[in-house]
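What follows is a single structure, written as structure tokens, with notes after it.
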Amino acid sequence: MMPRPVLVQTDNPQVESDLELARLSAQGDVEAFETLYRRHNRRVYSLCLRMMNNPTEAEDVTQDVFVQLYRKIGSFRGESAFTTWLHRMTVNQVLMRFRKRGVKLELTSDDGDFANVVQAGTERPSRMPVVDRIALDRAITQLPPGYRTVFVLHDVEGYEHEEIARQLHCTVGTSKSQLHKARMKLRGLLNKKSSD
Amino acid sequence: MICSECQDLLSEFIDKSLSEHRQTAVDGHLSGCPRCQTVCDDLSQIILSSSNLPLHAPPSALWARIEHEIADPVSRSWWSRLESRRFSLTVTGRQLAAVAAALVICVGSVVVLSIAAPHSLPSMAAQWDGFQDSQTMAAPVMLSTRTALPSKAAVEEMQRRVEGRQTQWSEELRAAYQRGLAAADARIAECERAGAGSTNEAVGVTETLDAYRVKLLFLEQFDKLHD
């Protein structure tokens, strides 16, 4: 006999899984959908905010994401984690908004970043203080859009370079280069902040 | 390997995406270079922290907006949706093309009209020029904020007024009117259908408003026949 697939796994059996809530939402259960919203709205909004750097736009895109989610939730079959599915939807919405606004993500050029490279012969740099997550969050807002997008997608959301390149219509090499510049820029920003 | 070469490769070194040969070369450099090792440690720390950033909460009113939006998206009129929603009116090339197509249909009707009753339409060309000037193709433009929003009631009132005078028209003029009106109504219906099926409400609303505006302009031309 085929083993019964385990579709629903939660630490607390009283708590409905995302998949279960998605099924109920697909049948028009707005209450179930609200539970999904309450569960995920902070992650979606934070992702939008980090990528867009504008609370009003982040709010609008979050709204679009959840409206789209409600309309498409019937197509969620549970093959991937619900959060992965939702985050992809969010990233797509943000990138669509960028394209409409004509934001050039892959063409950011800021050679000044490499002033952060520590050359041989200079004094040993002081080690960066332990990264304060709030300071890092603030520093991300100071990155140029291209760096910020790649950094958020790769280091915050865990996307691979191949997928980023596909989404941003750039090469894998560009994605890697943008990511490295973003990290070096963040290092500079965090060091500057600690020395202020 | 010099420091700048090493630091250029640090991200890929940390992500373990370098070739074995280069990974070993960077590793070797780091073991003898405290400067680069410090940079490497800093980047590693940033990467580690970035996977666990604090979350931000959206405004509490957002759920109410979403709930309102998903409650009954089809039956809600475009006018109430326009009132209840904040949206960007930036217009893309595709939307401009759609508006341009609607304009072509209506201008075509006006040309037919001019042939049918040339002496009755002295200022029509100038008005159409003015309308088209206000919708230049310089993208992005804000179509719906460039001219006043037409009221649906005003469009319907204008249509009633114009149609009340149809008995004074020639057969040819009536046929031209019906063709133009059918094209304008079809465009409005198409925009409303597209808007109902789209997740980007701003696009649908903008196109629908422009379709209504085109219809209003069309009706105004017939209204002026009796001035």
Side-chain angles (χ1 to χ4, degrees), chain A residues 30 33-34 37-38 41-46 48-50 55-60 62-64 66-68 70-71 93 96 100-102 114 116-120 122-128 130-134 136-137 140 151-152 154-156 158 161 176 179-180 183-184 186-187 190-191, chain B residues 2-15 17 29 33-39 41-63 65-71 73 85-88 90-92 139-140 197-203:
Chain A
V30 176
F33 187 69
E34 183 176 359
Y37 171 81
R38 301 278 170 220
N41 73 76
R42 280 156 44 95
R43 281 211 168 274
V44 169
Y45 178 71
S46 299
C48 294
L49 187 60
R50 281 196 186 101
T56 308
E57 283 197 285
E59 192 185 328
D60 280 350
T62 303
Q63 177 174 345
D64 288 345
F66 278 99
V67 170
Q68 190 190 28
Y70 186 76
R71 289 175 184 160
Q93 282 284 340
M96 205 162 73
K100 278 189 181 148
R101 277 188 0 205
F114 284 88
N116 291 327
V117 172
V118 183
Q119 300 289 348
T122 61
E123 282 180 23
R124 180 177 174 165
S126 54
R127 191 172 292 275
M128 195 172 66
V130 172
V131 173
D132 167 4
R133 291 183 307 130
I134 293 169
L136 175 59
D137 203 25
I140 292 170
F151 180 82
V152 170
H154 191 280
D155 283 0
V156 181
H161 284 295
K176 286 181 176 176
L179 177 65
H180 181 60
R183 288 170 175 173
M184 292 296 274
L186 283 173
R187 179 180 177 271
L190 292 167
N191 264 331
Chain B
I2 60 170
C3 289
S4 61
E5 285 172 342
C6 172
Q7 287 175 37
D8 278 352
L9 297 171
L10 277 181
S11 277
E12 290 181 77
F13 172 79
I14 297 165
D15 295 339
S17 61
H29 179 89
C33 179
R35 296 179 191 87
C36 289
Q37 184 60 59
T38 302
V39 177
D41 292 345
D42 289 350
L43 294 187
S44 301
Q45 214 192 135
I46 288 171
I47 294 163
L48 190 68
S49 302
S50 63
S51 59
N52 192 25
L53 290 173
L55 293 177
H56 302 270
S60 52
L62 184 59
W63 168 250
R65 277 167 57 194
I66 292 168
E67 193 179 22
H68 183 63
E69 184 75 16
I70 63 178
R85 167 136 174 142
R86 296 176 300 140
F87 58 85
S88 155
T90 306
V91 177
T92 64
S198 165
T199 55
N200 189 343
E201 193 169 342
V203 174

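We name chains A, B, ... by the order of the sequence lines, and we start the count at 1 in each one.
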With rounding to the nearest 0.5 Å, note down the distance linking CD in B:E67 to OH in A:Y37.
-> 11.0 Å
Flag side-chain contact, heavy atom, 4.5 Å: B:L62 against A:N41 = no
How long is the gap from CD1 on B:I46 to CZ on A:R183, to the nearest 0.5 Å?
-> 9.0 Å
Gap separating the NE2 atom of A:H180 from the CD atom of B:Q7, nearest 0.5 angstrom = 7.5 Å
Most heavy-atom pairs under 4.5 Å with chain B, out of A:V44, A:L179, A:L49, belong to A:L49
NE2 (A:H161) and OG (B:S17) are apart, to the nearest 0.5 Å, by 6.0 Å
Say you draw a straight line from CG of B:L55 to CZ of A:R43; how long is it, rounded to the nearest 0.5 Å?
-> 5.0 Å
With chain A, which of B:S49, B:C33, B:S50 has the greatest number of heavy-atom pairs at distances under 4.5 Å?
-> B:S50
Side chains of B:I70 and A:F66 in contact at under 4.5 Å (non-hydrogen atoms) | no
Let me know if B:D15 has heavy atoms under 4.5 Å from chain A in its side chain, its backbone, both or neither.
-> side chain
Honestly, the part of A:E57 sitting under 4.5 Å from a heavy atom of chain B is neither
Can you name the nearest heavy-atom pair linking B:P59 to A:E59, along with the distance?
-> CG-OE1, 3.3 Å
Output the distance between atom CE (A:M184) and atom CG (B:D8), rounded to the nearest 0.5 Å.
-> 8.0 Å
Can you check whether B:I66 reaches A:E34 side chain to side chain, under 4.5 Å on heavy atoms?
-> no
Which atoms of B:L48 come close to chain A, meaning under 4.5 Å heavy atom to heavy atom: side chain ones, backbone ones, both, or neither?
-> neither
Side-chain touch A:R38/B:W63, heavy atoms, less than 4.5 angstrom | yes
Side chain to side chain contact (heavy atoms under 4.5 Å, CB included) partner of B:L53, chosen from A:D155, A:L136, A:I134 | A:L136
Any donor-acceptor N/O pair, A:R133 side chain to B:N52 backbone, under 3.5 Å | yes
Pairing of B:R65 and A:D60 as salt bridge, 4.0 angstrom limit = yes
Compare all side-chain heavy atoms of A:L190 with those of B:D42 and state whether any distance is below 4.5 angstrom.
-> no
